[in-house]
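Atom set for the values below is all heavy atoms of this structure, side chains included, hydrogens, waters and symmetry mates excluded. Just so we're on the same page: letters track the sequence lines, and every chain starts at 1. None of these values were measured; they are calculated from a predicted model.
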Amino acid sequence: MIDPKLLRKNPDAVRDSLRRRRMDMDVQALICKDETRRDLQKRGDDLRSHQKRRSEELARAMRMKVNTDTLRAELRDLSAQIGALEEEQRKADAEFESEALLYPNVLLPDVPDGATGDDNPVVATWGEKPAFAFPPKPHWDIGERLGILDFERAAKIARSRFTALLGAGARMERALISFMMDLHAGRGYTEVWPPFLINAASLTGTGQLPKFRADLFKCEDVDLWLAPTAEVPVTNLHAGEILSEEALPIRYAAYTPCFRAEAGAAGKDTRGMIRQHQFDKVELVKFCRPEESEAELEGLRADAEEVLRRLGLHYRVVVLSSGDTGFASAKTYDLEVWLPGQNAYREISSCSTFTDFQARRAMIRYRPKGGSPALVHTLNGSGLAVGRTLVAILENFQQADGSVMVPDALRGYMGGLDRLTSA
RNA sequence: GGAGGGGUGGCCGAGUGGCCGAAGGCAAUCGCCUGCUAAGCGAUUGAACGCUUAAUAGGUGUUCCCCGGGUUCAAAUCCCGGCCCCUCCGCCA
């Protein structure tokens with residue numbers, strides 16, 4: 001959530017960030033709701049204060065056994081007034097909050113201005129595009145020919161946008177998860193295996209709800225939703241807590257399946273396993289002091305990049321422009337892996353700092369030395385999207401004969417297998 | 001699924017209608033004492049929101065004893081609903 005004090009004291013900072021995001025929201029209306037809310041609180045506070053004092057008088061009068069009829073009548077009336085006012089106050093609070101929850105995070109000043117993904121500047125590149133003596137195939141061709149990807153049967157048992165992995169494909173998915181988790185665990189991240197179903201409060205804490213309800217799968221009859229990313233359960237691990245300063249920064253790595261309704265993506269990436277209702281991802285999540293968060297974002301990006309480097313996959317890094325930056329994020333780097341079968345770079349990791357936006361929603365705080373509790377900064381990044389990593393391996397390491405070389409880093413996780421063949 | 005017990009501050013734990021933001025203990029911080037450490041002695045130590053303020057300093061008001069309703073002039077305390085935890089039984093992986 002945006003900071004109500006910032007909204008009050010520097011509404012132009014909020015307006016400017018919205019303009020850069022290419023979003024049009026009625027900031028003045030929100031400010032009015034805030035004022036209504038505060039006015040009602042003041043009036044209620046004063047009335048309650050008065051009521052308290054008169055109630056004490058009544059108690060005293062009753063002890064002295066004097067007639068209290070007038071006082072009781074006055075207090076009954078006061079109580080009714082307060083009740084009515086509190087009803088109004090509840091309504092005003094709810095109105096302010098439901099509107100405030102729809103405001104995106106305020107962008108960091110160094111986020112480049114731009115309308116869409118086409119405006120994202122490339123800030124780094126690693127490796128080179130592999131050269132092929134033949135036209136490289138897309139992964140769905142490679143995978144089906146090898147018998148390791150089955151889209152038709154997956155659609156039969158579920159629906160479209162699901163994939164069944166078979167044999168060495170299934171083995172490689174599992175190998176990638178282990179490889180990534182071992183790598184991050186060895187670099188200072190604590191492994192987490194969280195619940196994959198989470199409640200609405202958690203989804204509100206990280207920013208998926210209320211705005212992005214349509215992107216989520218929900219269980220019937222209970223307040224449980226399929227996690228769209230490990231970001232949600234892992235960030236909310238510390239919801240409502242006051243962390244000790246010495247514990248920071250906290251760094252977690254978690255594997256989870258991710259479930260997304262892909263409501264707005266009809267007709268997009270329909271072939272292959274680029275955009276699925278279910279996919280595996282290893283996620284990195286950090287909690288830190290505000291002054292550390294910029295450095296932690298760079299570290300997060302480096303940790304995600306390390307996975308691609310060890311696998312030998314060519315990629316580039318972009319900073320998302322202002323119009324392309326996600327709702328909860330203040331600044332985001334995307335890692336884009338080269339996919340020769342599609343002659344394109346595709347997002348394989350997204351690393352963001354959320355500044356205090358999620359911390360305020362989920363009430364995640366720490367106690368600075370000698371001070372009162374302050375909001376932490378939260379960050380997260382994919383390290384990496386496992387399905388897309390599998391896609392990248394198939395497309396980048398495909399051979400003329402239809403086989404696929406297994407990256408060195410993965411062979412130990414696949415019983416020494418060095419090549420996927422259709423045999 | 002059945003039966004019972006329980007959710008109070010950083011932790012433990014008292015509190016069955018007003019004098020309770022809450023006894024007592026632990027922990028922590030500061031000070032005294034001390035060759036050092038421990039012990040001992042004294043003091044301090046919850047959060048949110050609002051008003052005030054340059055201030056996340058100070059002052060001040062309100063709210064908060066799991067959550068939401070109700071009774072009452074007044075609720076941590078009484079009543080109803082929900083959530084969560086524990087124990088036993090059943091069932092299951």
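- In this structure, E292(A) places its CD atom where more than 12 heavy-atom neighbours from other residues, nucleotides or ligands lie under 6.0 Å away.
- Annotation: side chain of V232(A) is not in contact with side chain of V234(A) (no heavy-atom distance under 4.5 Å).
- When both distances must be under 3.5 Å, the Watson-Crick or G-U wobble mate of U60(B) is G50(B).
- Of the P atoms belonging to G21(B) and A75(B), the separation is 12 Å, rounded to the nearest Å.
- Ring pair F259(A)/F279(A): centre-to-centre distance not below 6.0 Å.
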Apply side chain to side chain contact (heavy atoms under 4.5 Å, CB included) to V376(A) and R365(A), showing your working. CA-CA 5 Å; V376(A) 300; R365(A) 294 174 293 172; 5.6 Å; no
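- Side chains of K9(A) and P4(A) form no contact here, defined as non-hydrogen atoms less than 4.5 Å apart.
- Applying the Watson-Crick and G-U wobble criteria (two distances, each under 3.5 Å), A76(B) pairs with nothing in any strand.
- Within residues 75-85 of chain A, the residues having any heavy atom closer than 4.0 Å to RNA chain B are, in order of number, L75(A), R76(A), S79(A).
- Judged by closest nucleotide on RNA chain B, E56(A) is the one of S49(A) and E56(A) placed further toward the 5' end.
- When the C1' atom is compared between G68(B) and G50(B), the two are found 24 Å apart, to the nearest whole Å.
- If you check every strand for non-hydrogen atoms under 4.0 Å, R365(A) touches sugar and phosphate atoms only.
- Using the six-membered ring where Trp is involved, H277(A) and F162(A) have ring planes that are tilted, between 30° and 60° apart.
- Of all the residues in residues 190-205 of chain A, not one reaches under 4.0 Å from RNA chain B with any non-hydrogen atom.
- No side-chain heavy atom of I31(A) sits under 4.5 Å from any side-chain heavy atom of R8(A).
- The nucleotide C20(B) finds no pairing partner, because no Watson-Crick or G-U wobble arrangement with both distances shorter than 3.5 Å includes it.
- Taking atom C1' in both A3(B) and C19(B), the straight-line distance is 42 Å, to the nearest Å.
- Nucleic acid contact for R38(A): sugar-phosphate only, since backbone atoms but no base atoms lie under 4.0 Å from a heavy atom of the residue.
- Nucleotides G40(B) and U34(B) place their C1' atoms 11 Å apart, quoted to the nearest Å.
- The residue from V317(A), V318(A), L313(A) that alone fulfils the side chain to side chain contact (heavy atoms under 4.5 Å, CB included) condition with L335(A) is V317(A).
- Nucleotide G81(B) has C67(B) as its partner under the Watson-Crick or G-U criteria, with both atom distances under 3.5 Å.
- Residue-level contact check: R43(A) touches neither bases nor backbone, having no heavy atom under 4.0 Å from any strand.
- Protein chain A contacts RNA chain B over a range whose 5' and 3' limits, counting nucleotides with an atom under 4.0 angstrom from a non-hydrogen atom, are G18(B) to A74(B).
- Taking atom P in both U60(B) and G18(B), the straight-line distance is 26 Å, to the nearest Å.
- Figure legend. A55(B) is base-paired to no nucleotide; pairs are counted as Watson-Crick or G-U wobble with both atom distances under 3.5 Å.
- Nearest heavy atoms, G326(A) versus R21(A): O-NH1, 3.0 Å.
- Taking atom P in both C78(B) and C84(B), one finds a spacing of 23 Å when rounded to whole Å.
- Taking atom C1' in both G35(B) and A22(B), the straight-line distance is 44 Å, to the nearest Å.
- Within the shown strands, G2(B) is the pairing partner of C88(B) under the Watson-Crick or G-U definition, both distances less than 3.5 Å.
- C49(B) sits 48 Å from C89(B) when the C1' atoms are compared, rounded to a whole Å.
- Comparing D45(A) and P4(A) against RNA chain B, the residue whose closest nucleotide sits nearer the 5' end is P4(A).
- A43(B) is paired with U29(B) under the Watson-Crick or G-U wobble criterion, all donor-acceptor distances under 3.5 Å.
- Residues N105(A) and M1(A) fail the side-chain proximity criterion, which asks for heavy atoms closer than 4.5 Å.
- Residue D150(A) comes nearest to R153(A) through the heavy atom pair OD2-NH1, 2.6 Å, listed as atom of the first residue, atom of the second, then distance.
- Pairing of A14(B), defined by two Watson-Crick or G-U wobble distances under 3.5 Å, is not identified with any nucleotide.
- Between the side chain of S322(A) and the backbone N or O of G114(A) there is at least one donor-acceptor pair closer than 3.5 Å.
- Across all strands shown, P368(A) has no heavy atoms under 4.0 Å from either base or sugar-phosphate atoms.
- Less than 6.0 angstrom separates the ring centroid of Y255(A) from the ring centroid of W193(A).
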